[in-house]
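One structure is given below, encoded as structure tokens.
Residue numbers begin at 1 in each chain, while the letters A, B, ... track the order of the sequences. Predicted model only: the values in this text are computed from it and were never measured. Values below: every heavy atom of this structure, side chains too, minus hydrogens, waters and symmetry copies.
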2 protein chains.
Amino acid sequence: MYNLAFMSAGKTFRHGQILRLVSGERIASQDDLRRRLAQQRLRVTQATLSRDLHELKLVKTTEGYKQTAAISEESASLPPLARALREFLLDVRPAENMLVLKTPPSGAQPLAAAVDASKFPEIAGTIAGDDTVLIITSNKKTRISLQQKIEALLK
Amino acid sequence: MYNLAFMSAGKTFRHGQILRLVSGERIASQDDLRRRLAQQRLRVTQATLSRDLHELKLVKTTEGYKQTAAISEESASLPPLARALREFLLDVRPAENMLVLKTPPSGAQPLAAAVDASKFPEIAGTIAGDDTVLIITSNKKTRISLQQKIEALLK
DNA sequence: CAAGATTATACATCTATCTGCATAAAAATA
DNA sequence: TATTTTTATGCAGATAGATGTATAATCTTG
């Protein structure tokens, strides 16, 4: 069965198609976009597209919806830190003025990105491998402060 | 020993704590595990732990719940640490609660994998670049202890 | 084998996410 | 400004995942 509103191709795929469409042609309105997507059997309502465009940080220009060139790559859509922690964090290991976060394989980079984006004043820098994120703080006290904040996000 | 008083969180973090617990002590039953987790504020029922252990592919042995043979084989397929050290280690550089291992180009990743597999209790985490492995320990004393063990393996 | 201990699971609940519908809010246009 | 077009959002229903309860199934031990 295809797309009966709920179990369809999924939001992620739709987002990809939206990005493809807006980069290739002039999409003048959300209803325009709705019609173009419907042509490839992606049937959703304008309300959903309003939310999609917001999540994708697309803005309306005279050339139709476009990515904000400057911001397009990075800050586009990092999940909030609490979310990343819930998804990736396996263990927290304090070590003097550092904090080691353990993740499943391949989890360290996305978690580190979320940590970086949160811009904690305690953090001097982070380094991530495959399953390990190393957070460096200026001293032990700041590490404790940071650790408390991170632990608070887990509940 | 790492974290003492910890928080309640999602399934991922609980899984990480379960792995940490079973690798460090004998967990004889699911109720045992439940009690140990409860000590760090992770309160779940035996039913949930039954599901967790299945997802983590932990099996009950006379030594308590442990990783399966499949994963044991994988870690067994890694060269023993002593061998990796002899093959790759160029220099050992202590730095407070850290130990920096220098290797020839491309030597850091395999050496770090061997270090990880050895599961030293002193190690909070490791991060490897191309010719440098950074090992984080909880404090200077544990770093000294680890350093002695590693240097002993070189003889 | 029987009794107790341990583990697995069917079912219901709770929560989070996604979506459509209806409509409010805002923007564009006449 | 009034009307029309476009976009945003409150609300409710659907779905999926996680978990507790109760209980069934299995294992251990005497």
Considering residues at least two apart in sequence or located in another chain, which fulfil the salt bridge (charged side-chain N to carboxylate O under 4.0 Å, His left out) criterion with K60(A)?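 Once residues adjacent in sequence are excluded, K60(A) has no partner under the salt bridge (charged side-chain N to carboxylate O under 4.0 Å, His left out) criterion.
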By salt bridge (charged side-chain N to carboxylate O under 4.0 Å, His left out) - contacts of R143(A) (at least two apart):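 Listed in chain order: nothing, the list is empty.
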Looking only at the side chain of K11(A) (C-beta and beyond, no hydrogens), which of the listed nucleotides dA8(C), dT19(D), dC18(C) gets closest?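 Nucleotide nearest to K11(A)'s side chain: dC18(C).
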Is L90(A) isolated, or which residues cluster with it under the ILVMFWY side-chain rule of less than 4.5 Å, directly or via members?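 Its cluster partners, ordered by chain and number, are none at all.
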Using a cut-off of less than 4.0 Å, is there contact between a side-chain N or O of Y65(B) and OP1 or OP2 of dT7(C)?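 Yes, within the criterion.
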For dT7(D), does OP1 or OP2 lie under 4.0 Å from any side-chain N or O of S50(A)?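 Checking dT7(D) against S50(A), no side-chain N or O comes under 4.0 Å of OP1 or OP2.
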Quick one: on DNA chain C, does Q30(B) or L49(A) contact a more 5' nucleotide (nearest heavy atom)?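 Looking at DNA chain C, the more 5' nearest nucleotide goes with Q30(B).
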Which value, rounded to the nearest 0.5 Å, describes the distance between Y65(A) atom OH and D52(A) atom CG?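 Taking OH in Y65(A) and CG in D52(A), the distance rounds to 11.5 Å.
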Can you measure R86(A) atom CZ to dT15(C) atom C1' for me and round it to whole angstrom units?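 It works out to 11 Å between those atoms.
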Using whole Å, report how far CZ of F13(A) lies from C1' of dC18(C).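 After rounding, the gap between these two atoms is 18 Å.
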Could you list, one pair per line, each protein nitrogen or oxygen that sits under 3.5 Å from a nitrogen or oxygen of nucleotides 25-30 of chain C, together with the distance?
none

Could you list, one pair per line, each protein nitrogen or oxygen that sits under 3.5 Å from a nitrogen or oxygen of nucleotides 20-22 of chain D, together with the distance?
unit_1	atom_1	unit_2	atom_2	d
dG20(D)	OP2	T45(B)	N	3.2
dG20(D)	OP2	T45(B)	OG1	3.0
dG20(D)	OP2	T48(B)	OG1	2.4
dG20(D)	N7	R51(B)	NH1	3.4
dG20(D)	O6	R51(B)	NH2	2.7

E87(A) backbone acceptor or donor facing T12(B) side chain under 3.5 Å: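 The answer is yes, because a donor-acceptor pair under 3.5 Å joins these two groups.
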Pick out which of T142(A), T137(A), V92(A) makes a side chain to side chain contact (heavy atoms under 4.5 Å, CB included) with Q147(A).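 Testing each of T142(A), T137(A), V92(A) against Q147(A), the sole residue satisfying side chain to side chain contact (heavy atoms under 4.5 Å, CB included) is V92(A).
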Excluding sequence neighbours, so at least two apart, what forms side chain to side chain contact (heavy atoms under 4.5 Å, CB included) with S23(A)?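 Testing S23(A) for side chain to side chain contact (heavy atoms under 4.5 Å, CB included), a comparison that skips the adjacent residues, returns none.
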